[in-house]
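As structure tokens, the structure follows; a few thoughts come after it.
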Amino acid sequence: MTVVDMVFSGGPVFTSRAVRSRPTAVAVDDGRVVAVGHEEVLDLATSRTEHVDLRGRMLLPGFQDAHVHPVWAGVDMLRCDLTELSSADAYLERIARYVREHPDEEWVLGAGWSMAAFPGGTPTAAAIDAVVGDRPAFLPNRDGHGAWVSSAALRRAGIDRDTPDPRDGRIERDADGHPTGTLHEGAMALVGGIAPETTDDERLEGLLRAQAHLHALGVTAWQDAIIGDYGDGGNPARAYRAADESGRLTGRVVGALWWDRNTGLEQVPDIIERRGALSTNRFRATSVKIMQDGVPENFTAAMLDPYCDGHGRYTDNSGISFVPVETLMPAAVQLDAAGFQLHFHAIGDRAVRECLDAVEGAIAANGRRDARHHIAHVQVIHPDDVQRFRELGVVANLQAFWAALEAQMVELTIPFLGEPRTSWQYPFGDLHRSGATLAMGSDWAVSTADPLAAIHVAVTRQIPEAHREGEPEHPVFLPEQRLDLATALTAYTAGSAFVNRHEGTGSIREGALADLVVLDRDPFAGPPEEIGATRVLQTFVDGRRVHAADDA
């Protein structure tokens with residue numbers, strides 16, 4: 001008789017596979033699922049078997065985040081962390097407290113403010129000077145595409161009215177051209193490049209703190225969306241190596257090697273070399289991250305037509321394609337030929353089209369292969385390009401939490417996109433109906449790492465109550481683009497496992513690795529409006545418990 005380590009029973013099992021009925025029991029032995037069924041599975045248990053009574057609550061595969069920045073998010077948690085706050089006054093109060101509690105730190109470093117908290121999304125140096133004094137401060141916002149800096153930081157960097165904007169960024173200025181305290185995109189590096197470097201010890205501590213947070217949310221694997229030197233956080237690679245070599249890396253991780261948008265094809269051999277040098281037991285650097293554009297809130301997302309001025313009139317600005325097409329196309333061909341997965345950041349409709357064109361060019365040059373290239377964010381997709389995801393085999397990597405009406409969308413996005421582009425945003429339903437493969441990720445620390453909050457938005461197109469930050473409930477945003485719950489759960493489990501090439505994960509089936517999550521309820525049994533209130537009680541990786549809530 002087979003003796004198993006663990007049996008789960010007494011509740012519904014969401015397998016992420018197309019089956020007519022849901023199992024109610026699962027047996028695990030030696031880190032793998034060995035049986036899926038009903039009462040007959042209990043016959044495998046002995047006195048040595050741990051029995052997890054689901055008590056009507058759901059068991060499902062571990063969530064996998066297909067686009068996240070855990071090391072940097074964890075480091076932010078160690079610094080002046082603004083992510084849980086939502087108003088300018090609250091930010092300044094937190095910064096002032098941090099300054100008092102860290103009198104010996106030369107710089108004030110942190111992150112996490114929301115653009116919606118400030119007029120035009122641009123905080124000022126004058127405001128932060130009032131609480132930091134003459135100390136240089138560098139605080140990127142939640143999406144990492146802009147930074148709030150103090151006057152002392154501007155002076156140290158030599159930024160004044162005569163400083164030109166970099167090719168891939170913009171310095172926010174007043175009417176006379178003087179910098180006002182917000183740096184967009186590539187301009188962030190003007191200050192970030194002189195700020196104190198994050199140490200290896202800080203990055204390792206940040207990774208371990210972030211890993212615990214992800215496990216508490218049911219995330220068992222992820223794709224780190226930037227492995228390389230970007231911003232002020234430094235390269236996360238050594239943190240992953242140190243955690244893995246010491247046995248403390250419990251998640252399964254794919255790293256997306258950063259494509260330096262300020263150089264060209266000459267970096268391809270180095271990327272190939274780093275793939276081999278960085279890969280360890282639980283970490284594989286098999287993807288390449290190409291950030292093709294910025295974000296619409298600061299008018300750097302690359303659009304086919306220019307932005308509006310807020311009153312329905314076109315401007316002369318259509319955003320920035322960070323990687324010129326004449327570089328992007330051959331880069332895609334060479335990286336695809338070298339066996340890399342391409343992980344694109346594309347938010348505007350022009351950027352999405354450029355990335356799809358790049359994949360099409362790679363297929364034409366190299367033939368079709370099981371590449372699993374994916375485009376993350378996909379905020380605005382021209383209707384002509386929706387079908388191309390399926391045709392080209394490009395996975396749509398959704399950050400579903402953003403697909404709702406909230407202050408940033410209402411005040412800083414919709415007036416400047418205008419129609420029809422506003423109605424082209426986050427077309428999850430259209431992508432699903434076209435036959436495209438869907439994966440999901442959080443982009444944490446840009447937004448919450450909670451998969452169930454994102455799934456709530458994917459299903460309802462509204463922000464769950466716990467994440468509204470004091471805002472009233474807004475109307476459903478583009479209801480025709482809602483996904484059903486099963487599709488959304490599958491995208492955040494099997495879909496992301498497909499992207500990450502974690503072939504033995506993402507679904508509950510015999511022989512699969514026992515990466516499992518126990519929820520505090522069956523989300524199918526309640527109204528969709530309650531999905532976001534669902535909590536994770538227990539998380540398992542390889543059949544080993546890596547998180548247990550106090551009331552598990």
Side-chain angles (χ1 to χ4, degrees), residues 65-79 107 109-111 138-140 143-145 147 168-169 185-186 188-211 214 222-246 248-249 251-264 266-291 322-323 331 335 338 340-345 376 441 443-446 500:
D65 195 316
H67 183 107
V68 66
H69 306 281
V71 178
W72 296 342
V75 169
D76 288 345
M77 295 168 76
L78 304 175
R79 294 176 172 174
W107 281 69
L109 301 176
F138 179 76
L139 299 162
D143 64 24
H145 292 267
D168 60 346
E185 301 295 349
M188 296 167 62
L190 300 176
V191 171
I194 64 168
E197 292 187 8
T198 306
T199 67
D200 286 346
D201 286 345
E202 286 177 306
R203 279 188 286 268
L204 176 58
E205 185 181 355
L207 170 58
L208 297 176
R209 182 173 293 199
Q211 177 175 254
L214 290 171
W222 60 86
Q223 184 159 153
D224 190 311
I226 298 180
I227 300 296
D229 292 312
Y230 175 80
D232 67 321
N235 191 341
R238 286 194 293 273
Y240 281 113
R241 176 179 288 278
D244 200 7
E245 290 177 347
S246 65
R248 289 179 287 177
L249 183 63
R252 308 180 194 281
V253 187
V254 170
L257 299 170
W258 175 244
W259 178 268
D260 184 351
R261 62 201 189 203
N262 294 313
T263 60
E266 65 272 17
Q267 65 188 290
V268 172
D270 177 63
I271 289 174
I272 294 172
E273 181 179 349
R274 282 192 287 146
R275 174 175 55 186
L278 295 178
S279 296
T280 58
N281 179 39
R282 301 186 74 87
F283 177 82
R284 295 180 289 108
T286 53
S287 188
V288 174
K289 167 68 174 296
I290 299 176
M291 185 180 289
F322 289 142
V323 182
L335 292 169
F340 282 103
Q341 175 189 75
L342 300 176
H343 180 158
F344 297 99
H345 162 122
D443 206 9
W444 182 54
V446 174
N500 289 332

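All figures in this text were calculated on a predicted structure; none of them were measured in a lab.
Listed for the Asp244 side chain is a donor-acceptor partner under 3.5 Å among the backbone atoms of Asn281. The main-chain N or O of Gly206 is never found under 3.5 Å from a side-chain atom of Trp72 such that the two would form a donor-acceptor pair.
Inter-residue side-chain proximity for Met291 and Tyr230 is flagged as met; some heavy-atom pair is nearer than 4.5 Å. Using a 4.5 Å heavy-atom threshold, the side chains of Trp107 and Ile194 count as touching. The shortest distance between side-chain heavy atoms of Asp168 and Glu185 does not fall below 4.5 Å.
Remark: the His343 side chain and the His67 side chain contain an N/O donor-acceptor pair separated by less than 3.5 Å.
Pairing each heavy atom of His145 with each of Met188, the nearest pair is C-SD, 3.6 Å. Scanning both residues, Ile226 and Pro236, for their nearest heavy atoms gives O-CG, 3.6 Å. For the pair Leu249 and Gln211, the tightest heavy-atom approach, listed with the atom from each and the gap, is CD1-OE1, 3.4 Å. Closest heavy-atom contact between Ala243 and Leu208: CB-CD2, 4.4 Å. Nearest approach of Ser246 to Arg248, heavy atoms of both residues: OG-NE, 2.9 Å.
Taking the six-membered ring where the residue is Trp, Trp222 and Tyr240 present tilted rings, their angle falling between 30° and 60°.
For Val254, the side chain to side chain contact (heavy atoms under 4.5 Å, CB included) criterion is met by Gln223, Arg284, Thr286, Ser287, Asn500, His502, not counting sequence neighbours. Listed by chain and residue number, Trp259, Ile271, Ile290, Leu335, Phe340 satisfy the side chain to side chain contact (heavy atoms under 4.5 Å, CB included) test with Val288 (two or more places apart in sequence, or in another chain).
A salt bridge does not link Arg79 with Asp76: none of the charged nitrogens is closer than 4.0 Å to a carboxylate oxygen.
Interatomic distance, Arg274 CZ to Asn235 CG, rounded to the nearest 0.5 Å: 7.0 Å. Atoms NE2 and CD1, from His69 and Ile227 in turn, are 10.0 Å apart once rounded to the nearest 0.5 Å. Rounding to the nearest 0.5 Å gives a distance of 5.5 Å between CD of Gln267 and CG of Asp260. Between the CZ atom of Arg238 and the CG atom of Leu207 there is a distance of 13.5 Å, given to the nearest 0.5 Å.
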